[in-house]
2 protein chains.
Amino acid sequence: MPTVTLKDVAKVAGVSYATVSRALSGSPEISEETRRRILKLCKEMGYTPNSVARSMVKRHTDIMGLIVPSLNNPFMSELTAHLEIYARTRGYNLMVCNSSYDYDLEKEVFSLLVGRQVDGIIMIPAGHESYEPLNALTSQVPTVFISENMKDYPENYVSVDNHRGMQIATEYLYSLGHRSILYFGARSDSKTHQLRLDGYLSTCEKLSIEPHVLRSSYTRSSREVGYAMGGEYFSRPHQETAILCAADMLAIGVMQAAFEAGVRIPKDVSLMGFDNISFSALPQIDLTTVNQPFQQMAIAAVDMLLERIKNPAAAHAKLILPPSLIERKSCRALGK
Amino acid sequence: MPTVTLKDVAKVAGVSYATVSRALSGSPEISEETRRRILKLCKEMGYTPNSVARSMVKRHTDIMGLIVPSLNNPFMSELTAHLEIYARTRGYNLMVCNSSYDYDLEKEVFSLLVGRQVDGIIMIPAGHESYEPLNALTSQVPTVFISENMKDYPENYVSVDNHRGMQIATEYLYSLGHRSILYFGARSDSKTHQLRLDGYLSTCEKLSIEPHVLRSSYTRSSREVGYAMGGEYFSRPHQETAILCAADMLAIGVMQAAFEAGVRIPKDVSLMGFDNISFSALPQIDLTTVNQPFQQMAIAAVDMLLERIKNPAAAHAKLILPPSLIERKSCRALGK
DNA sequence: AGCGTTATTGTAAACGTTTCCGTTATTGTA
DNA sequence: TACAATAACGGAAACGTTTACAATAACGCT
């Protein structure tokens, strides 16, 4: 309760508090003897340096803000876990804010974080119409996005190659003999989902197959949305042989709907996801999908942010990581 | 970049900075006219209050620390999501730290957080042998645990009634006709798991059935651990008709092992979990389990912490929430 | 007219550090 | 022996707020 300050230990040590500060900070301009004496005294008195006072004068907090649309989605929480762990090894703590897929909330917590003087912000955008208003915000503090470039302005970001990922997925399905592939996606004004859709569309064209697209009116790729979309789809006549989902969670929801509708996967229809969340590896799910290198993305994002903090004037950076196919049991080759 | 401070706006407004501060804080001792004028000026100049400077003088940060063993476990991440969202409505931000189930790391990040001057800490303990060393720590800052009481000392906590939960589970299995029930648990020096095990054990005694317990050497209740335990169990002769797991993630791992070993659930063996994470509701998993009221626990924890922050001297509080049975398809009634 | 209130504003200290600069004592060098 | 250089430390300002206190002005009252 009665917190002991640097002043307190200076007083009992009989030195100025500049000296104590020097002892703690490992400054060379202090004798080894007094340093040892003071350090010992600090332990004894239970002194803990006050980071906020230090931040005040050093003009940085060693805190990164993280804005994430949801933590219930394993894609987000796995990413968050890696982000936090790696950031801490670099001496930073994470202040985590949930935007709940709400655009206004995204802006609100962004401002809140800059008020808190975070040194930088990592943002996983929920994916809304336009991000110009954020523009004014991102000029206030180094920011890196985990997501591909928003349409409105340049920025720092790291992402998988979403376009390429969906190309891989579509080609894989094609190679299995599928010619009628349904694409299930979230609302496309999210850049990420725009690119995924585009990857599908352009590959369809290249392969000369007709694209079929079903888009949710929601921007979130949750199990619930997939379940609802799947339920509706299966309840009506349909003849696609494969469903390609924009996210694993969507696919898992579809799988659930398929199960309830009595359609068997992959016997009646093949199913693919995108993300490769850990649950997709469960034998009961066993979802063929496209892998996002979570840890690599997390490390790259904080490294990139660190770089921007050091040098805010530098040019915008981007890093696009390669996706890879994870072949499991939710797709089957079409017999001839 | 060149951040505008309160002093700056005071200068252009031609008033003292005390006046600006009063305008911002909604103090009554200022004229409506100057307040409006100053507020407008703040917008124009893009002034953002510096929370760390404010924290310096007000001697609180409006930040809560959260220490969580893992974010990959949906139990943790769902809880974290609720915690963060609710805390923010109460004006607090969350600084999240992953302890990675490491006892030393738990202590380390705890100290780190008090150095950061968080107003309080919410901790989900990983569950280790003894928590006396933490005792010295928790005296430094209001702390509430999400978990039942550690063995060593009094504290604030909120939890489900773990003992009762396992009693419910065991009785349910018994009511289905099971007389040989295997308990799969994590290392029992976690109080939570001790209580769960105890709930099972005491109910067995009450029902006069013989308890069978298999404990992992790991303290974490992950899918991997469940998978390993299950794999080993199924590879050897076994005759229990039901498996009761200390956590859903464990059960899901066991389910995976069962699948690979060719044992069918619930036909060959019934399976129960504990937690009711959202994934357990998937039709492919459909795990009968014991529910923990996540949101209620989260709200209670931050409310309790708020209470302790207001009144640190008050007696320790505890809140034990009732668990409930979630009946799904992973258990079957034994025919006669 | 004089005086006590009240409303509004300014002054300055304080929060706990870091760091620049100055001071003293000690050492080395000529 | 004298002087410069260095090592070790103290003093004080600064970071951006809040707030106790003082000051001023305006007003109402007798």
Side-chain angles (χ1 to χ4, degrees), chain A residues 1-39 41-42 45-63 91 112 114-119 140-141, chain B residues 1-39 41-42 45-63 91 112 114-119 140-141:
Chain A
M1 274 292 281
T3 38
V4 24
T5 76
L6 193 151
K7 258 176 187 164
D8 296 328
V9 340
K11 202 171 299 166
V12 350
V15 298
S16 76
Y17 43 96
T19 305
V20 180
S21 176
R22 279 190 274 256
L24 270 315
S25 68
S27 156
E29 40 184 58
I30 187 177
S31 75
E32 265 315 308
E33 191 211 329
T34 46
R35 152 164 300 141
R36 257 195 296 276
R37 188 165 62 88
I38 290 178
L39 255 31
L41 196 55
C42 284
M45 300 181 62
Y47 167 70
T48 315
N50 182 325
S51 315
V52 356
R54 149 191 288 247
S55 293
M56 184 90 260
V57 15
K58 303 205 86 172
R59 313 180 64 79
H60 63 256
T61 52
D62 298 343
I63 297 176
L112 197 147
V114 338
R116 288 227 179 257
Q117 312 298 118
V118 297
D119 294 342
Q140 300 182 54
V141 64
Chain B
M1 273 294 278
T3 40
V4 24
T5 76
L6 194 149
K7 257 177 189 165
D8 297 328
V9 340
K11 201 171 299 166
V12 349
V15 298
S16 77
Y17 44 94
T19 304
V20 179
S21 175
R22 278 190 275 256
L24 271 315
S25 69
S27 155
E29 39 184 57
I30 188 176
S31 76
E32 265 315 306
E33 192 211 328
T34 45
R35 152 165 300 141
R36 255 193 298 275
R37 188 165 62 86
I38 290 177
L39 254 30
L41 196 56
C42 284
M45 301 181 62
Y47 168 69
T48 314
N50 183 325
S51 315
V52 356
R54 151 192 286 248
S55 293
M56 185 88 260
V57 15
K58 303 204 86 171
R59 313 182 61 79
H60 62 257
T61 52
D62 297 341
I63 297 177
L112 197 146
V114 338
R116 288 226 179 257
Q117 310 299 115
V118 297
D119 294 342
Q140 300 182 57
V141 64

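Being a predicted model, the structure only gives us computed values, none of them experimental. Sequence lines set the chain letters: A, B, ... in the order given, protein chains first and strands last, and positions in each chain run from 1.
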S.K.: So, does B:Ser55 get its side chain near the phosphate of D:dT17, meaning an N or O under 4.0 Å from OP1 or OP2?
M.R.: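 So the side-chain polar atoms of B:Ser55 never come under 4.0 Å of the phosphate oxygens OP1 or OP2 of D:dT17.
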S.K.: If you check the B:Ala18 side chain, which of D:dT17, D:dT19, C:dG16 turns out closest?
M.R.: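 It is D:dT19.
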S.K.: Considering only side-chain heavy atoms of A:Lys7, which listed nucleotide, C:dT19, C:dC15, D:dC15, is closest?
M.R.: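 Among C:dT19, C:dC15, D:dC15, the one nearest the side chain of A:Lys7 is C:dC15.
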S.K.: For A:Ile38 and A:Ala23, which heavy atoms make the closest approach, and how far apart are they?
M.R.: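 Looks like CG2-CB, 3.8 Å.
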S.K.: Which residue in the set A:Val20, A:Thr19, A:Asn50 passes side chain to side chain contact (heavy atoms under 4.5 Å, CB included) when paired with A:Leu6?
M.R.: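 Among A:Val20, A:Thr19, A:Asn50, the one that satisfies the side chain to side chain contact (heavy atoms under 4.5 Å, CB included) with A:Leu6 is A:Val20.
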S.K.: C:dG16, D:dG10, D:dT17: which one has an atom nearest the side-chain heavy atoms of A:Arg22?
M.R.: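 It is D:dG10.
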S.K.: Of the listed nucleotides (D:dA8, C:dT18, D:dT17), which one gets closest to any side-chain atom of A:Tyr17?
M.R.: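 Among D:dA8, C:dT18, D:dT17, the one nearest the side chain of A:Tyr17 is C:dT18.
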S.K.: Mapping B:Met56 and B:Gly14 to their closest nucleotides on DNA chain C, which lands nearer the 5' end?
M.R.: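 The residue mapped nearer the 5' terminus is B:Gly14.
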S.K.: Starting the side chain at C-beta, find the nucleotide from D:dG16, C:dT18, C:dT11 nearest to B:Ser16.
M.R.: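 Per side-chain heavy atoms of B:Ser16, the pick is C:dT11.
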S.K.: State the pairing partner of C:dG28; accept Watson-Crick or G-U wobble contacts with both distances under 3.5 Å, and report none otherwise.
M.R.: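 In the structure as shown, C:dG28 has D:dC3 as its Watson-Crick or wobble partner.
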S.K.: For the pair made of CZ in B:Arg54 and P in C:dA14, what is the distance, rounded to whole Å?
M.R.: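 Answer to the nearest Å: 21 Å.
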S.K.: Do the side chain of A:Arg35 and the main chain of A:Ser27 share a donor and acceptor less than 3.5 angstrom apart?
M.R.: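 Such a contact is found between A:Arg35 side chain and A:Ser27 backbone.
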S.K.: Find which nucleotide of DNA chain C each of B:Thr19 and B:Ala53 is nearest to by heavy atoms, and output the residue with the more 5' nucleotide.
M.R.: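 Here B:Thr19 is the residue nearer the 5' end.
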S.K.: Scan B:Ser21 against the nucleic acid and name what it touches under 4.0 Å (heavy atoms): base, sugar-phosphate only, or nothing.
M.R.: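 The answer is base, as B:Ser21 lies within the cut-off (heavy atoms under 4.0 Å) of a base atom.
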S.K.: May I ask you to evaluate whether B:Arg59 reaches the phosphate of C:dA14, defined as a side-chain N or O under 4.0 Å from OP1 or OP2?
M.R.: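 Looking at the OP1 and OP2 atoms of C:dA14, neither is under 4.0 Å from any side-chain N or O of B:Arg59.
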S.K.: Kindly say if B:Ser31 contacts the phosphate of C:dT9, meaning a side-chain N or O under 4.0 Å from OP1 or OP2.
M.R.: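 So the side chain of B:Ser31 is within the cut-off, an N or O lying under 4.0 Å from OP1 or OP2 of C:dT9.
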S.K.: Taking the side chain of B:Val15 as heavy atoms from C-beta outward, which of D:dT17, C:dG10, C:dT9 is closest to it?
M.R.: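 Output: C:dG10.
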S.K.: Within the structure shown, what part of the strands sits under 4.0 Å from A:Ser25 by heavy-atom distance: base, sugar-phosphate, or nothing?
M.R.: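 No contact.
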